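Remarks on the structure that follows.
This structure is a prediction, so every number in the text was calculated from the model and none was measured. The residues of the chain are indexed from 1 along the displayed sequence.
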Amino acid sequence: MNSKNVFANATIAGSFAAALTMIATPVFAAPKPPQPTMDKCFGIALKGDNDCAAGAGTTCAGTASADYQGNAWKYVAKGTCQTIKTPKGTGSLEPIKS
C-alpha cells in the first residue's frame, strides 16, 4: 500500500466512525417554546416524555426519570391541568414536592 491509499483508508474509517458516533449519541431537546394557549402542567408526564423542567441531573425535555415526576411538566390546554388524574393525584400548575 502506498501512503496515498493509507491516508484515504484512514479518512474513510474516521468518517465512518464519526457518523456512527452521531447516530448513537442521544439528542437532548431544549425546552419547548412558550405556548400562549397552553399551561405548564406538573406531575402528569410519563418517564422521558416531559416538555421541560425535570429537576437536578436532567437536561430538559424528555429527561424525566419517573412517571408522574412532580418537577417535570408537559404543556396541556389552558384550564385542564388540575382536572388531569394520575395514579399520584392530579396535575398541578406549580411543581409538586416529593
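- Residues Q82 and T90 approach most closely at O-CB, 3.6 Å, considering heavy atoms.
- Residues D39 and K78 are paired through a salt bridge, judged by an N-O separation under 4.0 Å between the basic side chain and the carboxylate.
- Checked by atom type and distance alone, the side chain of K88 never pairs as donor or acceptor with a backbone atom of G43 at under 3.5 Å.
- Proximity of a side-chain donor or acceptor of D67 to a complementary backbone N or O of K47 within less than 3.5 Å is detected.
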Query raised in the report: Are W73 and I44 close enough, and set up right, to give a side-chain contact (heavy atoms from CB on, under 4.5 Å), and what steps lead you there?
Result: CA-CA 7 Å; W73 56 263; I44 64 164; over 6 Å; no
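- In the hydrophobic cluster analysis, where Ile, Leu, Val, Met, Phe, Trp and Tyr join through side-chain heavy atoms closer than 4.5 angstrom, I96 is grouped apart from V76.
- Within the model, atoms CG of L46 and OG1 of T86 stand 9.5 Å from one another, a figure rounded to the nearest 0.5 Å.
- With hydrogens and angles ignored, the 3.5 Å screen pairs a side-chain donor or acceptor of N50 with a backbone N or O of A64.
- For D51 (side chain) and Y75 (main-chain N/O), a donor-acceptor pair under 3.5 Å exists by modelled atom type.
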